[in-house]
There are 2 protein chains.
Amino acid sequence: MDSQEIRSRKRHRGKGRVTLADVARQAGVAPITVSRALNTPGRVSAEVKERVDAAVEALGYVPNLIAGGLAAAGTRVIPVIVPSLAILTFIEVIDAIQKRLEAAGYQMLLATTDWDLDREASLVDTVLGYSPSGVILTGLRHRPRVISRLRDWGRPVVEIMEVGDDPIDMNVGVDGVALGHAMASHLLEQGYRRIAFVGSHLGHDYRAAQRLEGHQRALEEAGAACGGVLEYHEPASYEVGVRALEDVMAMTPRPDAIHCSNDIVASGVLLAASRQGIRIPEELAVGGYLGLPLAEHLTPKLTTLAVARSEMGTQAAELLLERLSGKTPERPIRDLGFTLVKGGST
Amino acid sequence: MDSQEIRSRKRHRGKGRVTLADVARQAGVAPITVSRALNTPGRVSAEVKERVDAAVEALGYVPNLIAGGLAAAGTRVIPVIVPSLAILTFIEVIDAIQKRLEAAGYQMLLATTDWDLDREASLVDTVLGYSPSGVILTGLRHRPRVISRLRDWGRPVVEIMEVGDDPIDMNVGVDGVALGHAMASHLLEQGYRRIAFVGSHLGHDYRAAQRLEGHQRALEEAGAACGGVLEYHEPASYEVGVRALEDVMAMTPRPDAIHCSNDIVASGVLLAASRQGIRIPEELAVGGYLGLPLAEHLTPKLTTLAVARSEMGTQAAELLLERLSGKTPERPIRDLGFTLVKGGST
DNA sequence: CTGTTAGCGCGTTCAC
DNA sequence: GTGAACGCGCTAACAG
């Protein structure tokens with residue numbers, strides 16, 4: 001009898017959504033066969049596949065990924081955890097990740113830590129509650145709990161932005177100390193002697209602090225005096241650059257170059273200098289990082305260390321997808337390096 | 001000591017995750033009681049609540065939101081669907097949405113349509129498969145299927161960026177035609193007579209096309225001749241601005257002002273002009289939209305129509321959250337308006 | 001290649 | 001205030 005069926009439908013407010021069982025009924029097969037026709041088409045006969053496809057079309061069936069996730073554990077969701085969205089740096093990476101994942105039928109769940117590792121830890125707990133297929137997170141420094149949980153978890157994890165020997169699982173990024181060292185060396189080679197470092201949010205953004213470390217190491221190696229470190233306790237912005245220029249011009253002796261912790265700050269310096277008629281690089285040289293699109297439109301062009309951010313995102317997504325498809329990616333730890341883009345600002 | 005107990009399930013590989021049942025056992029109550037202690041603490045005795053909390057703490061229990069979602073329908077996920085992440089415009093809005101949602105314990109699922117309404121439609125299908133608690137999407141134009149599905153769906157939906165009379169559910173944005181009209185009027189008031197419109201991606205970005213419509217309407221009303229429309233079939237970028245300046249300077253008769261479809265393009269124009277020594281606004285006036293942070297750091301400052309993008313994101317999230325908490329928000333359709341920020345560029 | 005059976009972890013009945 | 005069933009929609013395991 002079908003009185004039972006009718007009853008079981010309206011138990012929870014039915015929402016009227018078409019389910020896999022409806023499709024099965026329409027196609028005259030068992031639910032599991034529909035599932036297979038949809039997920040592993042190779043395992044059903046062509047004829048059944050066709051009937052199922054027709055039924056799906058006719059009923060407008062859309063899979064309930066939540067149910068699938070519960071049953072199979074794995075929801076085709078990839079949480080991406082970054083410090084902030086207000087920083088241009090992360091946007092291109094995220095954009096690339098998202099494009100690649102979406103093309104493969106995965107959805108990106110975006111969460112931000114606001115540079116707080118404790119928040120990161122609790123976010124990791126939360127997102128694991130979604131039975132995601134994998135996780136992408138920023139940097140290599142995390143609370144021990146995060147590391148052990150993700151290690152035990154058994155699904156792919158990619159750490160981005162920074163590289164190191166011992167990631168949780170896989171890793172794509174650049175060496176922050178090397179970045180700082182390279183820019184300082186460049187400035188020294190160009191003959192600048194009093195090089196100030198302008199840092200933003202160094203206490204929170206430890207990757208910016210790594211660049212400072214590289215900077216100082218390069219100065220020491222060259223036997224150069226430290227031109228000073230200006231630290232601003234807020235996220236990078238053009239405004240920070242504006243203030244930094246002001247502060248640097250007021251220093252005695254005055255630095256002849258400034259090494260900015262990123263392109264946004266460096267751009268702020270350049271824009272302010274142009275407004276104030278300070279000649280770059282004669283009076284002051286300026287170097288930045290990351291190769292933001294803006295850098296090459298400034299006058300003079302900003303000398304910067306370009307990092308392939310889109311590439312980083314794409315590769316992170318691809319490492320993840322490869323693992324999800326059962327393969328073992330080669331080179332699961334990837335240092336993407338950087339390129340010095342010499343502009344007129346140094 | 002107590003850790004090996006978890007092995008009891010063998011059917012599906014247990015993954016060792018702590019479940020509500022584990023907590024119940026530890027606390028000596030039924031699973032449902034744990035559920036209540038966690039979700040509706042008012043309905044259990046203080047003593048039980050305490051025991052449950054202790055057990056949760058001891059076992060490190062993290063709720064499986066997927067299971068909760070299946071049972072109750074509603075996963076505390078809010079999909080946010082935007083055209084692209086490569087456009088700064090959307091970033092601040094998304095950032096604000098994300099912050100507000102995360103603070104309320106919801107996660108943002110980010111998806112991009114690449115300006116394609118068919119893609120949007122299929123994305124909506126997909127994300128509804130996650131049993132989300134609500135949906136935020138961009139603009140008011142959608143495929144009929146999207147509109148009917150979301151209308152029937154019965155959960156909160158907010159459309160952002162654009163405003164109109166008849167949203168699917170709730171709506172926060174600005175009037176695109178009014179924006180275009182206001183900037184053109186401003187330029188006319190300043191005495192400019194040959195005003196060119198520079199558009200980017202107009203075929204895809206119909207909201208930019210609305211600004212053009214407002215522009216043309218203003219010119220007509222003033223009886224001014226059309227200074228031409230330059231259209232670039234690619235997303236907005238500084239580069240588009242650079243090319244636009246070139247193209248405008250080659251026009252005869254030459255426009256005395258350009259009205260850019262957004263600040264990124266306008267900034268590109270200003271930066272290129274500064275490089276080439278073209279005097280702004282004497283030789284050419286430039287106006288843009290949105291009030292990007294960069295606008296006020298340029299020389300001269302860019303005249304722009306500032307739109308409160310963060311505010312838009314926050315309000316969208318808040319409308320959603322209000323409805324999720326059972327209230328009926330007042331003013332579910334909100335026009336946020338805009339402000340003319342007069343810079344030196346006009 | 002297809003069907004049967006038995007849950008995934010939780011919240012909603014409706015009893016007590 | 002608390003508990004026992006039951007099912008949300010789907011898929012892994014094993015048949016046949």
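Here the structure is a predicted model, which means the values were calculated and not measured.
Atom NZ of B:K49 and atom P of D:dT2 are 12 Å apart (whole Å). Taking atom CG of A:L65 as the reference point, atom P of D:dG9 lies 13 Å away to the nearest angstrom. With rounding to whole Å, A:I66 atom CD1 is found 17 Å from D:dG7 atom C1'. C:dT2 atom C1' lies 10 Å from atom CD1 of A:I32, rounded to whole Å. One interatomic measurement links the two molecules: CG of A:L70 to C1' of C:dA6, which rounds to 14 Å at whole-angstrom precision. One interatomic measurement links the two molecules: CG of B:L128 to P of D:dG9, which rounds to 14 Å at whole-angstrom precision. When the C1' atom of D:dG3 is taken as reference, atom CZ of B:R25 falls 16 Å away, rounded to whole Å.
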For residues 59-68 of chain B, please give each side-chain donor-acceptor pair under 3.5 Å, one per line with the distance, not counting sequence neighbours.
| residue | atom | partner | partner atom | Å |
| --- | --- | --- | --- | --- |
| B:N64 | OD1 | B:I66 | N | 2.8 |
| B:N64 | OD1 | B:A67 | N | 3.1 |

Return a table of donor-acceptor pairs under 3.5 angstrom between the side chains of residues 121-130 of chain A and protein atoms on other chains or two or more places apart.
| residue | atom | partner | partner atom | Å |
| --- | --- | --- | --- | --- |
| A:S122 | OG | A:R119 | O | 3.4 |
| A:D125 | OD1 | A:R149 | NH1 | 2.5 |
| A:D125 | OD2 | A:R145 | NH2 | 2.8 |
| A:D125 | OD2 | A:R149 | NH1 | 3.2 |
| A:T126 | OG1 | A:S122 | O | 3.0 |
| A:Y130 | OH | B:T75 | O | 3.0 |
| A:Y130 | OH | B:R76 | O | 3.2 |

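Partners of A:E311 according to the side chain to side chain donor-acceptor pair (under 3.5 Å) rule, which considers only residues two or more places apart in sequence or in another chain, are A:Q315. Not a single side chain to side chain donor-acceptor pair (under 3.5 Å) links A:R141 to another residue, sequence neighbours left out. The salt bridge (charged side-chain N to carboxylate O under 4.0 Å, His left out) test applied to B:R36 returns no partner, not counting sequence neighbours. In this structure A:Y206 satisfies the side chain to side chain donor-acceptor pair (under 3.5 Å) test together with A:E162, sequence neighbours excluded.
Each of D:dG3, D:dG9, C:dG9 was ranked by its minimum atom distance to the side chain of B:V29; first place goes to D:dG3. Checked against D:dA12, C:dC10, D:dC10, the side chain of B:A67 finds its nearest nucleotide in C:dC10.
For residues 128-137 of chain B, no pair satisfies salt bridge (charged side-chain N to carboxylate O under 4.0 Å, His left out), with sequence neighbours left out.
Using modelled atom types, no side-chain atom of A:D169 and backbone atom of A:V158 make a donor-acceptor pair closer than 3.5 Å.
Residue B:L20 is in sugar-phosphate contact alone, with no base atom involved, counting any heavy-atom pair closer than 4.0 Å across all strands shown.
Using a 4.0 Å cut-off on heavy atoms, the residues of residues 33-48 of chain B that approach DNA chain C are B:S35, B:N39, listed by number.
Overall bending of the helix from C:dC1-D:dG16 to C:dC16-D:dG1, expressed as the angle between end axes built from five pairs apiece, is 30° (10° steps).
The side chain of A:Y130 places no N or O atom within less than 4.0 Å of a non-bridging phosphate oxygen (OP1 or OP2) of C:dG9. Listed pair B:Y61 / C:dC10 meets the phosphate criterion, a side-chain N or O lying under 4.0 Å from OP1 or OP2.
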| request: Please step through side chain to side chain donor-acceptor pair (under 3.5 Å) for the pair B:E159 and B:T138, ending with a clear verdict. | output: CA-CA 5 Å; B:E159 287 162 288; B:T138 307; over 6 Å; no
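Nearer the 5' end of DNA chain C, as judged by each residue's closest nucleotide, is the contact made by A:A30, out of B:N64 and A:A30.
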